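After the structure tokens below, expect a handful of questions from me.
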Amino acid sequence: MVSVKLKDGSERQFPEGTTLLQATESISKKLAKESLAARFNGSLTDLNRPLHEDGVLELLGFEEQSGQDVYRHSSSHIMAQAVKRLWPDTQLAIGPAIDKGFYYDFDSTHTFTPEDFAAIEAEMNNIIKADYPIIRKEMPREEAIRFFKERGEDYKVELIEDLPEDALISLYQQGEFVDLCAGPHVPSTGKIKAIKLMSLAGAYWRGSEANAMLQRIYATSFPKKAQLDDYLYKLEEAKKRDHRKLGRELGLFVIVDEGPGFPLFLPKGMIIRNELENFWRQEHALAGYQEIRTPIILSEELWHRSGHWDHYKENMYFTKIDEGDYAVKPMSCPGGLLAYKQSLHSYKELPLRMGEMGLVHRHELSGVLHGLMRVRAFTQDDAHIFMLPEQIIDEIKGVINLIDRFYGLFGFPYHVELSTKPEKSMGSDEVWEVATNALEQALQEKGMSYKINPGDGAFYGPKIDFHLRDSLDRTWQCGTIQLDFQMPERFDLTYIGEDGERHRPVMIHRVIYGSIERFIGIITEHFAGAFPAWLSPVQVRILPITDRHHDYAVQVLSRLKAAGLRAEADLRSEKTGYKIREGQLQKIPYLLVVGDKEIEAGSVSVRHRKDGDLGSQGVEEFIQAIKQEIEEKVIR
RNA sequence: GCCGAUGUGGCUCAGUGGCAGAGCAAUUGAUUCGUAAUCAAUAGGUCGGCGGUUCGAAUCCGCCCAUCGGCUCCA
């Protein structure tokens, strides 16, 4: 007999060889039905595993992340089995669970199309209905290689060959289908209920451009049909918030065929942009920054000096002026360094914080362009801080505070990643270590938790990246703080120290919005186009009920404008319901309905886009309320 | 850049070899209306571009461009 201790503290005896599933069934049929896998003595395992030793058992359902991963991973095997049945010459690559589903990469002479989805799903449902037990098998490395060679699964052979010499290889079998897999898996194919194939994509074998392009099928699965439907509904909702769609509908910005990757901002989009920049300038002045502007085109020689030529050339645009070679800037730092060098600096001036709304151009691969999120020309809210080595930690902490203030204002939660020295970089390992440690120390002193991204730093220094999470739970990299010992060296920056000698300053590159364009894309989706009043292109629209109310509407309008509000009046002879509908669709924060009653009382009838009809208010009363909402940058 | 899909009026889309369509938007007229769509009329497209097949191409073929979903890369 073996003894199994459960999570609730109870302990039970089972005959040796009883599987975890059988054991669970004897405890509770319901629990057994809901369990997908288990953690036994701390390690993930199949429910089909027989008991040979005492231990602590934790059952994993779909609610647990690891249970969900197992569920999706088993789903991917079912999809692979279905594909193999339909197109037997298909070779299997890998098929992991991902965030909201799973995928499988195939190499097949058949080119998959969305029309194949129904057939694959039908075959998957056959496999599910057959309820094949999913059986784990183990074999030595050599035998496993032979096994997959015989079956013509070259990718699997390559995977095994990369495993250690003495590795014990595990395989999982369901019906006629066998796959190399570490597991664990659900006990049988019948556990999987609601499946849906989502999309097709090309994907390089092992993620490298040098390798073959495989065909990837993305899919998802849930234990209940209702959960799948809910997921699909949310996806539809997310599509409605797509900034590309909202940008066009609300007249904010557009990307035309004539300018791929070069967004065009319309008047209403410019209002949002200008408000963001105004706020930025105000906050940066408070935080002790000065502002500069450096040229978009600078001599090619400068880019040799900065290291961009060696490390960033493929992303740059070049041009010729008269006989000289010039480059369009992909970053603002070299210009910032030139600005620093225009005068002699004393240690007393440092830290010197110089901000720049820098328009940069980068040649991005055509396939990566995506609305405002990924463009070829964008404005970085850049700043370069020149400082003494002993000021590093405080300056980094200052930037972190500033970033926190900005993101908090929009209601964005965020997480932080620390990126270390990449392969293609300048400077010695020692300098990189000093810089990386400084960033780490600042984060620790701020008590911030962070993830480390090895090899992801800029070519001149390590960085802290701020990834913000939007209302749809997606994350976007925006802010970054980069510590740089290289550029000051390359540009021979100096300051005069207390000792009267020249010394080398240290430099921080940092952005908060990241790129104004991307940030506008993110907030458009985050607010679903319903921007807080301070950012709304139109803050108030007045809706007179009939033509005889026009005079009053125009009077109210001029009072709103005099109060500095962005207001307009809808003087078309349409029904009130129609005007309201249009105002709502334009996501205008406040609609003011005015008719006989309002003229009589000298009031406006206030309708908020989210809260609906708020009843009647005096004009002055309304003006004060909305001005306060704007001033405090309330999200409503 | 690579894989796949898509491209028809301002927007959303129908039209699979035989006279380019609908709804919304726009314009004009009527309507004077109280919290999410009043009615009618009018106008608007060399069907992404170039070439080919055909008596005839939005439709079939080729190349190019752009977009979408991914991969790789990134603010």
Side-chain angles (χ1 to χ4, degrees), chain A residues 103 105 111-116 198-218 239 242 244-245 248-249 251 254-261 312 314-315 330-332 358 360 362-382 419 456 458 463 465-467 476-480 482 509-519 521-522 543-550 572-586 591-598 605-609 612-616:
Chain A
Y103 66 79
D105 285 347
T111 303
F112 298 108
T113 72
E115 283 77 60
D116 297 328
M198 303 299 294
S199 62
L200 287 166
Y204 299 109
W205 168 237
R206 299 194 147 180
S208 167
E209 275 180 289
N211 291 338
M213 176 67 71
L214 305 171
Q215 299 186 66
R216 174 172 298 179
I217 302 179
Y218 282 95
K239 267 191 204 156
D242 191 313
R244 293 166 297 194
K245 185 175 154 65
R248 197 174 42 235
E249 287 171 357
V254 68
I255 297 179
V256 294
D257 279 6
E258 289 84 346
Y312 212 72
E314 321 71 66
N315 283 300
M331 296 185 193
S332 294
V360 298
R362 297 183 184 175
H363 179 250
E364 300 291 346
L365 295 177
S366 60
V368 308
L369 301 178
H370 177 92
L372 292 185
M373 306 300 198
R374 201 65 191 279
V375 293
R376 285 180 173 152
F378 56 101
T379 306
Q380 289 186 307
D381 61 319
D382 217 339
S419 296
D456 231 16
K463 56 178 184 169
D465 290 327
F466 291 75
H467 297 255
W476 301 95
Q477 196 208 306
C478 290
T480 151
Q482 308 173 348
H509 311 238
R510 44 109 285 182
V511 290
I512 291 179
Y513 292 134
S515 112
I516 305 287
E517 288 77 4
R518 177 180 285 184
F519 198 79
I522 293 168
L543 313 181
I545 288 170
T546 73
D547 291 359
R548 71 174 179 278
H549 307 121
H550 283 189
R572 294 174 303 172
S573 54
E574 293 291 346
K575 289 167 73 173
T576 309
Y578 181 85
K579 294 184 184 179
I580 285 176
R581 180 183 151 80
E582 293 219 324
Q584 285 284 136
L585 291 175
Q586 284 295 304
L591 299 176
L592 303 183
V593 179
V594 295
D596 292 337
K597 281 181 281 180
E598 287 72 22
S605 185
V606 181
R607 183 191 165 98
H608 184 264
R609 67 182 167 209
D613 191 349
L614 300 179
S616 188

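Numbers restart at 1 for each chain; the letters A, B, ... are given by sequence-line order, proteins then strands. Since this is a predicted model, take the numbers as computed values, not measurements.
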Task: A:Arg248, nearest nucleotide to its side chain (from B:C71, B:C11, B:A66) - done: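 Among the listed nucleotides, the one closest to the side chain of A:Arg248 is B:C11.
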
TODO: When you get a sec, tell me which of B:U72, B:A36, B:A75 is the closest nucleotide to the side chain of A:Arg518?
DONE: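 Of B:U72, B:A36, B:A75, B:A75 is nearest to the side chain of A:Arg518.
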
TODO: Considering just the side-chain nitrogens and oxygens of A:Ser366, establish if one lies under 4.0 Å of OP1 or OP2 belonging to B:G1.
DONE: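 Checking B:G1 against A:Ser366, a side-chain N or O does come within under 4.0 Å of OP1 or OP2.
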
Open item on the list: Using a heavy-atom cut-off of 4.0 Å across all strands, would you classify A:Ser199 as base, sugar-phosphate, or nothing?
Closed with: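 Sugar-phosphate, backbone atoms only, no base.
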
Open item on the list: Given B:G70, B:A66, B:C33, identify the nucleotide with an atom nearest to the side chain of A:Pro260.
Closed with: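 The answer is B:A66.
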
Open item on the list: For a quick check, tell me whether the side chain of A:Arg374 and the base of B:C73 share a donor-acceptor pair closer than 3.5 Å.
Closed with: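 Indeed, a donor on one side and an acceptor on the other fall under 3.5 Å apart.
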
- [ ] From the options B:U32, B:U35, B:C74, select the nucleotide whose nearest atom is closest to the side chain of A:Arg362.
- [x]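 So the side chain of A:Arg362 is nearest to B:C74.
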
Task: Side-chain-base donor-acceptor pair under 3.5 Å for A:Ser573 and B:U31 - done: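 Yes.
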
Task: C1' spacing across the pair B:A20 / B:A36, given as an integer number of angstrom - done: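 B:A20 and B:A36 have their C1' atoms separated by 34 Å.
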
Open item on the list: Starting the side chain at C-beta, find the nucleotide from B:U67, B:G34, B:G69 nearest to A:Arg244.
Closed with: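 Closest of the options to the side chain of A:Arg244: B:G69.
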
Open item on the list: Quick check for you: among B:C33, B:U32, B:C74, whose closest atom lies nearest to any side-chain atom of A:Glu364?
Closed with: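 Of all the options, the side chain of A:Glu364 is nearest to B:C74.
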
Task: For the student: nearest non-hydrogen atoms of A:Pro544 and A:His550, plus distance - done: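 What the structure gives for the nearest pair is CG-CD2, 3.5 Å.
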
Open item on the list: Closest approach to the side chain of A:Thr111, judged atom by atom: which nucleotide of B:G4, B:A36, B:U72 is it?
Closed with: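 Nearest listed nucleotide: B:G4.
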
Task: Donor-acceptor pair present, A:Glu598 side chain and B:G34 base, under 3.5 Å - done: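 When only heavy-atom distances are counted, A:Glu598 does reach the base of B:G34 through a donor-acceptor pair under 3.5 Å.
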
TODO: Please evaluate the base of B:G70 for a donor-acceptor partner in the side chain of A:Tyr204 within a cut-off of under 3.5 Å?
DONE: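 Not at all, since no donor on one side and acceptor on the other fall under 3.5 Å apart.
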
Open item on the list: Using a 4.0 Å heavy-atom cut-off, does A:Gln477 contact any base of the nucleic acid, only the sugar-phosphate backbone, or nothing at all?
Closed with: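 The answer is sugar-phosphate, as A:Gln477 gets under 4.0 Å only of primed atoms, P, OP1 or OP2.
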
Task: Heavy-atom closest pair, residues A:Val368 and A:Arg374 - done: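 Answer, listing the atom of A:Val368 first, then A:Arg374: O-CG, 3.1 Å.
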
- [ ] Ignoring backbone atoms, test whether A:Tyr218 places a side-chain nitrogen or oxygen under 4.0 Å from the OP1 or OP2 oxygen of B:C71.
- [x]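 True: A:Tyr218 side-chain N/O within range (under 4.0 Å) of B:C71 OP1/OP2.
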
TODO: Once you apply the 3.5 Å cut-off to both distances, tell me the Watson-Crick or G-U wobble partner of B:A36, or none.
DONE: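 None - no nucleotide pairs with B:A36, as no candidate has both distances under 3.5 Å.
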
TODO: Using modelled atom types only, decide if a donor and an acceptor are shared between the side chain of A:Lys579 and the backbone of A:Ile545 within a distance under 3.5 Å.
DONE: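 Flag not set: sc A:Lys579 to bb A:Ile545 has no pair under 3.5 Å.
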
Task: Base of B:U35 paired with side chain of A:Ser605 (donor-acceptor, under 3.5 Å) - done: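 Counting by modelled atom types and ignoring angles, a donor-acceptor contact under 3.5 Å is found here.
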
Open item on the list: Of the options B:U35, B:G69, B:U38, whose atoms approach the side-chain atoms of A:Glu574 most closely?
Closed with: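 Given the options B:U35, B:G69, B:U38, the side chain of A:Glu574 is closest to B:U38.
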
Task: Residue A:Arg607, side-chain heavy atoms: nucleotide from B:G1, B:G69, B:A36 that is nearest - done: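 Nearest to the side-chain atoms of A:Arg607, counting from C-beta on, is B:A36.
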
Task: Selection from B:A36, B:U12, B:A26 that lies nearest to any side-chain heavy atom of A:Ile580 - done: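 Nearest listed nucleotide: B:A36.
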
Open item on the list: When you measure from the side-chain N and O atoms of A:Lys463 to the phosphate of B:A75, is any distance below 4.0 Å, counting only OP1 and OP2?
Closed with: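 The answer is yes; a side-chain N or O of A:Lys463 sits under 4.0 Å from OP1 or OP2.
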
Task: Salt bridge A:Glu582-A:Arg572, side-chain N to carboxylate O under 4.0 Å - done: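 Looking at A:Arg572 together with A:Glu582, the answer is yes, because their closest N to O distance falls below 4.0 Å.
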
Open item on the list: Determine whether the aromatic ring of A:Tyr578 stacks with the base of B:A36, defined as ring centroids separated by less than 5.5 Å and ring planes inclined by less than 30°.
Closed with: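 By the stated criterion, A:Tyr578 and B:A36 do not stack.
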
Task: Under-3.5 Å donor-acceptor pair between A:Arg376 side chain and B:C74 base - done: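 No.
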
Open item on the list: Is A:His370 close enough to B:G69 that one of its side-chain N or O atoms is under 4.0 Å from OP1 or OP2 there?
Closed with: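 Answer yes for this pair, as a side-chain N or O of A:His370 is under 4.0 Å from OP1 or OP2.
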
Open item on the list: Regarding A:Arg548 and A:Asp596, does a basic nitrogen lie under 4.0 Å from an acidic carboxylate oxygen?
Closed with: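 Looking at A:Arg548 and A:Asp596, the cut-off is met.
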
